[in-house]
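These numbers were taken from a predicted model, which means no experiment stands behind them.
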Amino acid sequence: MPRGWARVLVALLALALAGAAQADVLVRGAQVFDPDTGTAAVADVLVRGDRVEQVGPALAAPDGVRVVEAAGLALVPGLLDLHTHWTPNTRPSAVPAVANAYLDAGVTTVTDYHQAPEAHAPRRAWLARLAAPTVRFGARISTPLGHGADWADQATTRWVNSPAAARAAVDAIAAYRPDFIKAFTDGWRYGNAADNTSMDEATLAALVDQAHRHGIRVFSHTVTVERAKQAARAGVDLIAHSVLDRAVDDELVALMREHGTAYGPTLAVYEPVRIGDAAPADPGAPVLQRRRANFAVALANVKRLHEAGVPVVVATDAGMPGTPHGRATTRELELLVRAGLSPAEALRAATATAARVLGMDDRGRIAPGMRADLVLVEGEPWRDVAAMQRVRRVFLAGVEVTGPDARRPADNARQHLPPVALPALIDDFERDDGRTALGTLRITDADGGNDRTWQSSLRIARADGPGHVLSTHARLSHSPRAFAAVLLPLTRGSVGPADLGAWAGLSFRARGEARRIQVEVRGQDGRRWAHRFELGPQWRDYRVGWDAFAGLPPWRGDGPPPDWRPDDALQIGFSVGGEPGGEAWFELDDVRLFDAGVLP
């Protein structure tokens with residue numbers, strides 16, 4: 001991130017926390033943990049502004065400084081989690097709820113592997129309104145039909161299959177100033193499903209080289225020994241999963257040490273019975289047996305790599321099933337201890353080591369000049385990491401955000417951003433930069449998996465007059481829910497909602513051939529509403545009032561269709577389907593909102 005942007009975000013965070021701002025603080029008499037030595041000593045910690053000013057015995061409390069008596073408690077640096085997904089498909093899912101869960105667990109810095117680069121800036125702006133962990137955002141690159149590309153369009157996950165394509169993708173992504181790149185390099189699906197494609201070493205090496213030229217770190221989804229060797233030779237900064245197919249060997253250990261590759265094993269997501277899982281109905285089920293075998297390999301490999309001097313960091317895959325935000329991080333500490341690290345070494349993996357791997361040298365330790373991300377807990381977590389479940393106070397950049405004297409901005413209690421008003425014109429497809437008339441980045445959507453729908457959506461010149469239209473052609477997969485869609489985001493990155501309540505409905509022009517086509521309004525938390533209409537080969541004008549839209553079940557889970565919410569619109573979409581393995585096409589123009597004075 002450019003320094004100017006960093007200053008802006010710091011200023012925004014300071015304003016957001018103004019309602020919760022408190023006087024400088026002296027934490028008196030806690031056992032202060034030093035992750036570099038793995039020891040703790042009773043000391044006072046003086047915080048001025050967002051920084052630790054002094055650490056030492058019997059410090060005097062300057063005038064105006066609030067004193068927190070902490071005798072008998074432990075003070076540790078705020079935890080870092082280097083693998084999380086702030087997804088819309090988990091609970092909690094709203095940004096403020098996720099932020100609250102992390103702060104309550106003592107986690108003050110995380111990485112988010114889930115967002116499209118287009119969403120990075122608006123999500124940073126939203127986080128600046130909250131008391132929230134520092135979030136480092138990753139851009140995503142995979143191979144065609146690779147893991148991560150089996151459900152996402154290229155606005156979310158770029159697809160590359162050659163060194164030249166990798167360099168071009170990195171250059172395009174770099175314009176968004178991501179904090180790191182997640183490279184999906186390994187298509188092995190743990191023996192539970194058909195493998196995805198994998199990235200060859202030359203492509204990965206080019207990706208890493210080009211990213212490092214831009215000053216961007218690369219974290220890789222790598223889960224097998226041979227692919228891990230390729231990742232290390234390519235110079236990735238972090239292998240962000242466990243190597244699970246077999247025991248690591250001397251060659252991999254040497255390569256990771258030689259190239260400075262760290263290891264984030266995400267043990268919490270591989271645990272056979274994860275947090276919140278019900279007891280298995282069939283403990284002998286083949287899938288569960290494979291998970292147990294893979295997990296045993298994961299534990300042994302963490303121990304081997306750690307003892308060989310490879311940096312191990314806390315990374316959880318939080319946001320995936322069975323890995324709740326916040327609790328997964330403290331569970332990862334417990335699992336690292338189970339793998340063979342001492343409690344103090346596990347804490348180091350979540351603090352000083354993680355900060356160094358992330359390139360954030362202002363946190364991870366409690367020392368003068370460091371950012372005052374501090375966690376006060378009951379117990380001695382360097383002896384028993386379960387103590388990290390007994391958080392008593394959390395200070396974020398010097399402000400108490402969890403604890404008896406904590407106050408958080410009002411936005412921490414609001415699930416979503418306030419909706420914004422829209423002009424009438426959504427898209428007339430006249431911009432030549434891939435953006436709608438609103439300035440948002442047009443995207444596509446389709447059913448996922450190795451056998452997935454392929455589509456081409458291009459802006460082309462009208463055949464019957466001036467101007468341009470959007471032309472979409474799809475070859476449907478063999479899935480019973482095969483579909484292809486074009487989505488017109490109503491706000492940048494589909495982060496905040498738009499309010500359609502001032503309008504009576506949607507108008508557009510369309511033609512095409514498809515067994516099934518519908519126009520959709522997609523909202524937050526999986527809510528969506530649709531209206532089916534008939535297509536023909538000739539252009540036709542359509543006007544659809546909001547009362548014609550019917551709720552559809554969310555993408556995830558069951559339940560009744562959602563009620564219409566005009567103030568909860570993220571995207572306008574056009575979706576076609578048909579016979580599995582069949583084809584469909586449509587062309588679209590002049591998508592507008594109309595008011596009540598316009599007759600249908």
* To do: Could you tell me how the ring of Y102 sits relative to the ring of W86: parallel (under 30°), tilted (30 to 60°) or perpendicular (over 60°)?
  => parallel
(Q) Within the structure provided, determine whether L417 and V495 are in side-chain contact (heavy-atom separation under 4.5 Å). (A) yes
Worksheet entry | Donor-acceptor under 3.5 Å (Q154 side chain, W159 main chain) | yes
Q. Counting N and O atoms only, with roles assigned by atom type, does the side chain of D427 sit under 3.5 Å from a partner on the main chain of F429, one being a donor and the other an acceptor?
A. yes
Between the CG atom in L570 and the CG atom in L487, the distance rounded to the nearest 0.5 Å is 10.5 Å
Check: Stepwise, does the side chain to side chain contact (heavy atoms under 4.5 Å, CB included) test hold for T440 with L490?
Finding: CA-CA 7 Å; T440 61; L490 301 178; over 6 Å; no
Here the salt bridge (charged side-chain N to carboxylate O under 4.0 Å, His left out) pairs for residues 294-317, sequence neighbours left out, are D250-R304, K303-E307
| field | Min side-chain heavy-atom separation I426-F508 under 4.5 Å | value | no
Considering only heavy atoms from C-beta outward, does the side chain of T109 approach that of P133 to under 4.5 Å? no
Review point. Would you say the side-chain atoms of T111 pair up with the backbone N or O of L82, donor to acceptor, closer than 3.5 Å?
Key: yes
When R291, R331, R292 are each screened for salt bridge (Lys or Arg N to Asp or Glu O under 4.0 Å) with E271, the one that passes is R331
To the nearest 0.5 Å, atom OG1 of T261 lies from atom CG of L305 at 10.5 Å
Any sub-3.5 Å donor-acceptor pair from D112's side-chain atoms to V135's backbone N or O? no
query = Does E226 come within less than 4.0 Å of K229, counting only side-chain N to carboxylate O?
reply = yes
Is a donor on one side and an acceptor on the other found under 3.5 Å between the side chain of T453 and the backbone of A484? no
side-chain hydrogen bond (donor to acceptor under 3.5 Å, both in side chains) between S479 and S477, worked out: CA-CA 5 Å; S479 166; S477 75; 4.6 Å; no
d(I181 CD1, D179 CG) to nearest 0.5 Å is 11.0 Å
Heavy-atom nearest pair, G148 first then R140, reads O-NH2, 3.3 Å
Residues pairing under salt bridge (charged side-chain N to carboxylate O under 4.0 Å, His left out) where one sits in residues 154-165, two or more places apart or in two chains, turn out to be none
Interatomic distance, CH2@W188 vs OG1@T224, rounded to 0.5 Å, equals 7.5 Å
Self-check item: Ion pair check, D150 and R189, cut-off under 4.0 Å
Solution: no
Mind checking whether F137 and Y176 have ring centres under 6.0 Å apart?
-> no
Residue pairs meeting salt bridge (charged side-chain N to carboxylate O under 4.0 Å, His left out), one or both in residues 161-170, sequence neighbours left out, come to R167-D209
task: Evaluate the side-chain proximity of L255 to R233: yes if any heavy-atom separation is below 4.5 Å, no if none is.
output: yes
In terms of heavy-atom contacts, A349 and A354 come closest through O-CB, 3.3 Å
Taken to the nearest 0.5 Å, the spacing of N196 CG from N450 CG works out to 5.0 Å
Exercise. Please check if the side chain of T316 supplies one atom and the backbone of H83 the other of a donor-acceptor pair under 3.5 Å.
Key: yes
Worked check of side-chain hydrogen bond (donor to acceptor under 3.5 Å, both in side chains) between H212 and D237:
CA-CA 10 Å; H212 287 172; D237 300 283; 2.9 Å; yes
By salt bridge (charged side-chain N to carboxylate O under 4.0 Å, His left out), R435 pairs with (sequence neighbours left out) E118
Output for pair (F184 CZ, H241 NE2), nearest 0.5 Å, gives 7.5 Å
Of all heavy-atom pairs linking L145 and G449, the shortest is CD2-O, 3.8 Å
For a side chain to side chain contact (heavy atoms under 4.5 Å, CB included) check, start with the C-alpha distance between L552 and Q518, then their side-chain angles and the critical distance, and finish with the verdict. CA-CA 12 Å; L552 298 175; Q518 61 190 27; 3.9 Å; yes
Tell me if the CZ atom of R257 is crowded by more than 12 foreign heavy atoms within 6.0 Å.
no
- Query: Is there a donor-acceptor contact under 3.5 Å from the side chain of T436 to the main chain of L438?
  - Reply: yes
N294 vs Y270, side chain to side chain contact (heavy atoms under 4.5 Å, CB included): CA-CA, chis, key distance, verdict: CA-CA 8 Å; N294 289 342; Y270 293 127; over 6 Å; no
Ignoring hydrogens and geometry, is there a side-chain-to-backbone donor-acceptor pair from S220 to V236 under 3.5 Å? no
| query | After noting the C-alpha distance and the side-chain angles of D432 and H468, does the key distance pass the side-chain hydrogen bond (donor to acceptor under 3.5 Å, both in side chains) rule? | reply | CA-CA 10 Å; D432 63 0; H468 297 81; over 6 Å; no
Given 3.5 Å as the limit, does a donor-acceptor pair link the side chain of R481 with the main chain of D447, or not? no
All heavy atoms of T444 vs all of S457, minimum pair found to be CG2-OG, 3.9 Å
Exactly one of H473, E513, Q455 clears side chain to side chain donor-acceptor pair (under 3.5 Å) with W585, and that residue is E513
Closest heavy-atom pair, S242 versus Y263, reported as atoms and distance to 0.1 Å, is CA-OH, 3.2 Å
Worksheet item: Heavy atoms, side chains only, cut-off 4.5 Å: are V521 and I572 in contact?
Response: yes
All heavy atoms of T351 vs all of L79, minimum pair found to be CG2-CD2, 4.0 Å
Residues passing the salt bridge (charged side-chain N to carboxylate O under 4.0 Å, His left out) test with R290, sequence neighbours excluded, are none
| task | With the side chain counted from C-beta on, respond yes when V312 and T353 share a heavy-atom pair under 4.5 Å apart, and no when they do not. | result | no
Side chain to side chain contact (heavy atoms under 4.5 Å, CB included) evaluation trace for M360 with T134
CA-CA 11 Å; M360 304 186 77; T134 300; 4.0 Å; yes
key: Pairwise side-chain contact, R442 with L488, heavy-atom cut-off 4.5 Å (strictly under)   = yes
Can you confirm whether T108 sits close enough to R363 that some side-chain heavy atom of one is under 4.5 Å from a side-chain heavy atom of the other?
no
key: Side-chain donor or acceptor of E587 paired with backbone N/O of G512 under 3.5 Å   = no
R356 meets the salt bridge (charged side-chain N to carboxylate O under 4.0 Å, His left out) criterion, sequence neighbours left out, with D36
